[in-house]
2 protein chains.
Amino acid sequence: MIRPMARTNTRFVEAYNELLNLCDQLEVGAYLPSENALSAQLGVSRTVIRSALTRLDDCSIIALDGREKILRRHSNAEDRLEGPPVLLGIEELESRFLDWVLRMDVPPGTVLNVAQLSKDFSVATHTLQEFFSSLSRFGIVVRRPRGGWVLLGFTKNYAVELSDFRTVLELNSVRHLAALPLDHEIWARLDSLEQEHLDLLQRIDKDFHDFSPLDEKFHAVINSVVVNRFVKEFQKIISLVFHYHFQWNKTHERERNEDAIREHLALIEALRSRDADKAEAAARRHLATSKQTLLSSLETNSHAT
Amino acid sequence: MIRPMARTNTRFVEAYNELLNLCDQLEVGAYLPSENALSAQLGVSRTVIRSALTRLDDCSIIALDGREKILRRHSNAEDRLEGPPVLLGIEELESRFLDWVLRMDVPPGTVLNVAQLSKDFSVATHTLQEFFSSLSRFGIVVRRPRGGWVLLGFTKNYAVELSDFRTVLELNSVRHLAALPLDHEIWARLDSLEQEHLDLLQRIDKDFHDFSPLDEKFHAVINSVVVNRFVKEFQKIISLVFHYHFQWNKTHERERNEDAIREHLALIEALRSRDADKAEAAARRHLATSKQTLLSSLETNSHAT
DNA sequence: TAAGCTGTCTTTAATAATAATAAACATATT
DNA sequence: AATATGTTTATTATTATTAAAGACAGCTTA
């Protein structure tokens, strides 16, 4: 009779195999460490260690009697246990899901089938539920009145509001940055960033694809001067949305990227002058361009309303 | 044998009782409407209607034969079904949870016991899970490596970062507002707000408790000029945190509130001059005071680190 | 015969039951 | 006294199951 396996025994299996390794390093006849020591060493609870020891005893690998754990033989390939398929955690899910939505161009209003998606992404259904719940904070999905989820974004409105929000946050970062003292490490980082931009500009005709990661890095550095968990959280979504769309929009890609590089350089220049107004103006220019790029990339795809 | 009730049959029970009402309004011997009609009328699926009709037949309230549904008798009290206890949805949970954390002064680092809390709040455990997942976006809770949740906020750091974030958003709103044309409806709303502030100032000695809702209203109006879903989402948390703490901090409450009213009035005045710099300065002053109030209210409570 | 109805079946989400794990407590051994 | 094991309890993650919704096809009646 197959009993329902309520919770995966991954921890047990891994601990058991690890114990086999440990045993193989000992002489036959040697004593194993205490349960407490083993549990500390393998980083699992004593409960898991005890189950594993019991099984080792059942397989005659050790002789278990009270606190005596005598090694009787070394292990062979058959002794190894195979764990259940590993499910993804909620962190890996995030980028895979947004990737799916943005790349597959899933239209707004799509009803999200939790059962199906959990298979596709190889996660537990409740993991998806939790994930959707957290995404609902960003208005990407909404819960339907009696169960189920609907994909809301990414509409044109969403893009506009996201861009505006990004602008608010990033202008704040820029103003902070311009006020930092000259011995702050940020200036060295900006110098190095500037060099990378100049390098890419040299070989823009063939390497224009390299701009996307550089853009991500650039904005990350700018925003790094503001230490704020809310800013950080939003940066994740902003970065994902902007850069996925960036990668798609193939119209005038070389020119767009070249223009963006020049805007970045202008911003670096303005920041270095430590003139807040000048820096803000340069940042505004670039963010406006970015917004336009995002909007036009949505328009080339059909269902942005 | 009691079978496990996987999903609550609230919908069935409610539909059944509703059907009883409907039957009681008919003469004995009358025909009931079609399943489709009933399902449309009661707003439930035909599946539920069919189960209910079958039960009505079993109880000899109707005679069910194909599409003939003849009423045989009126219902009595015993026929009524009692549903399972109603669980709260995730929306009600939000304010109740934050209320609990803030009022009960749950210390940061507390491990949140989902099983226990789900009883206390009378919600399903998975509802809590989802809720925590969404709260984790705001860094109020974090998931522990192997299951479970820990309450993070509200530490001093959290308060500082929340205040700073609030300042960024609200200064943006203020700059927007100052640029709005004179015929915009916002000016009338500000006039009325100003009057409410002046009124309260008159009777501040006895009614200083009335300030908290007025403060909430004031900031809501200021921020209403920016239409942005991300701003709105944050306003919810900001408003909750600030106003709960506001209500606790009893030290110099009258003076604090009077000062805050004067700062509000100064901001309204500055906004009306439509001088962005002046308005920004006034807003900064008030937000700084607000931040200090929040911090001091955390310090009076023991465990802000 | 067309419109509407019911019978049947499929799909999906919400919940309870359950196994895995962690942790606390009690007892035994060195 | 310190550390080990034995036992019990609490809690989470996952599965199995049920309620509900919806789709489809065949029947009935006007």
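Here the structure is a predicted model, which means the values were calculated and not measured. Just so it is clear: chains get the letters A, B, ... in the order the sequence lines come, proteins before strands, and each one is counted from 1.
- A donor-acceptor pair is defined here as one N or O able to donate and one able to accept, closer than 3.5 Å; no such pair exists between the side chain of A:S134 and the backbone of B:S134.
- Summarising the geometry, the separation between CZ on A:R143 and P on C:dA13 is reported as 12 Å, rounded to the nearest angstrom.
- Residue A:N36 has no polar side-chain atom (N or O) positioned under 4.0 Å from OP1 or OP2 of D:dA2.
- A cation-pi arrangement is found for B:R166 relative to B:F242, the charged atom lying closer than 6.0 Å to the ring centre and inside a 45° cone about the ring normal.
- Dashed line: the shortest gap from a side-chain N or O of A:S45 to OP1 or OP2 of C:dA23 is not under 4.0 Å.
- Checking D:dT12, C:dG7, C:dA20 against every side-chain atom of B:V114, the shortest atom distance belongs to D:dT12.
- Both A:V13 and A:Q116 lie close to DNA chain C; mapped to their nearest nucleotides by heavy-atom distance, the more 5′-ward contact belongs to A:Q116.
- Of the residues near DNA chain D, B:R46 and B:A115, the one whose nearest nucleotide (by heavy atom distance) lies more toward the 5' end is B:A115.
- One interatomic measurement links the two molecules: CD of A:E130 to C1' of D:dT14, which rounds to 12 Å at whole-angstrom precision.
- What separates CD of B:E14 from P of D:dA19 is a distance of 16 Å, to the nearest Å.
- Remark: B:N113 is in phosphate contact with D:dT11, judged by side-chain N or O atoms under 4.0 Å from OP1 or OP2.
- Here D:dA21 presents its C1' atom at 15 Å from CG of B:N9, a figure rounded to the nearest Å.
- Look at CZ on B:R11: it is 13 Å from C1' on C:dA13, rounded to the nearest Å.
- Residues B:L298 and B:T155 are not in side-chain contact: their nearest non-hydrogen atoms beyond the backbone lie 4.5 Å or more apart.
- Note on A:R146: only backbone sugar-phosphate atoms sit closer than 4.0 angstrom, heavy atoms only; bases stay farther off.
- When the nearest nucleotides of DNA chain D are assigned to B:R67 and B:R144 by heavy-atom distance, the more 5′-ward of the two goes with B:R144.
- For the pair A:R55 and A:Y16, the cation-pi test (distance below 6.0 Å, angle within 45°) is passed.
- Nucleotide C:dT21 holds its C1' atom 15 Å from the CG atom of A:L42, rounded to whole Å.
- B:D65 places its CG atom 11 Å from the P atom of D:dT28, with the value rounded to the nearest Å.
- Across all strands, A:T10 comes closer than 4.0 Å only to sugar-phosphate atoms, never to a base (heavy-atom distances).
- Within 4.0 Å of B:E68, counting heavy atoms only, lies no atom of the nucleic acid at all.
- At C:dC5, one or more side-chain N or O atoms of B:S34 fall inside 4.0 Å of OP1 or OP2 (strictly under the cut-off).
- As rounded to whole Å, 16 Å separates atom P of C:dA20 from atom CZ of A:R50.
- A donor-acceptor contact under 3.5 Å is formed by the side chain of A:R7 with the base of D:dT12.
- Contact record, B:K69 with B:E35: NZ-N, 4.0 Å, taken as the closest heavy-atom pair.
- Note on A:Q129: only backbone sugar-phosphate atoms sit closer than 4.0 angstrom, heavy atoms only; bases stay farther off.
- Applying the 4.0 Å criterion to OP1 and OP2 of D:dT5, one finds that A:K69 has a side-chain N or O inside that range.
- Here the shortest heavy-atom pairing between B:V106 and B:T110 reads CG1-OG1, 3.4 Å.
- If you check every strand for non-hydrogen atoms under 4.0 Å, A:L112 touches sugar and phosphate atoms only.
- A sub-4.0 Å separation between OP1 or OP2 of C:dT15 and a side-chain N or O of B:H126 is present.
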